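Quantities reported herein were computed from a predicted structural model and do not represent experimental measurements. Values below: every heavy atom of this structure, side chains too, minus hydrogens, waters and symmetry copies.
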Amino acid sequence: MHGGTWLSHKNAKWMTASIISFVISLYAVTMRTESYFVDEERAYELKATLDMKHRVAELLWGGVLLLLLCLTVKERIDGAVEGTRDVVGRISQNFANGKGGDGLAKKKCS
């Protein structure tokens, strides 16, 4: 749990993603298992369709999970950049106001 709450935005997003992943996995396993029971010589199209369905489900949902992961990483990077920008802005303001770099060093010299 993030932040100690079940209903936070991040928890809801990842809980939903994990529930959907579980359902997609069950669907893919079902399609794959059914494909094993189909005789390839008698019903090749059915076997190919079942194989394709589970493969497409796995690939599409894997792409969605990758997108969610990339967006989460981007959010973290944006937060770090914003924090760095704030610190650099404060340091620039201190130099512009004539306070210089380290206030402690000036106090020691005085």
Do M52 and L60 sit in the same hydrophobic cluster, where Ile, Leu, Val, Met, Phe, Trp and Tyr count as joined when their side-chain heavy atoms come under 4.5 Å apart? yes

Counting C-beta onward and ignoring hydrogens, is there a side-chain heavy-atom pair between L65 and L69 closer than 4.5 Å? no

Do the non-hydrogen side-chain atoms of L50 and K47 ever get within less than 4.5 Å of each other? no

I'd like to check R32 versus E58 (side-chain heavy atoms, cut-off strictly below 4.5 Å). Are they in contact? yes

List the steps, then state whether side chain to side chain contact (heavy atoms under 4.5 Å, CB included) holds for V73 with R76. CA-CA 5 Å; V73 169; R76 293 281 183 148; 5.7 Å; no

Could I get the full list of salt bridge (Lys or Arg N to Asp or Glu O under 4.0 Å) partners for D78, not counting sequence neighbours? K74

Nearest-0.5 Å distance, CG of residue D51 to CG of residue L46: 9.5 Å

Looking only at atom types and distance, does a side-chain atom of T30 sit under 3.5 Å from a main-chain N or O of L26, one as donor and one as acceptor? yes

Got a second to check how far I24's CD1 is from I19's CD1, nearest 0.5 Å? 13.0 Å

Residues two or more places apart in sequence or in another chain: which of them pass side chain to side chain donor-acceptor pair (under 3.5 Å) with S21? W61

When rounded to the nearest 0.5 angstrom, what distance separates CG in L59 from CG in L66? 12.0 Å

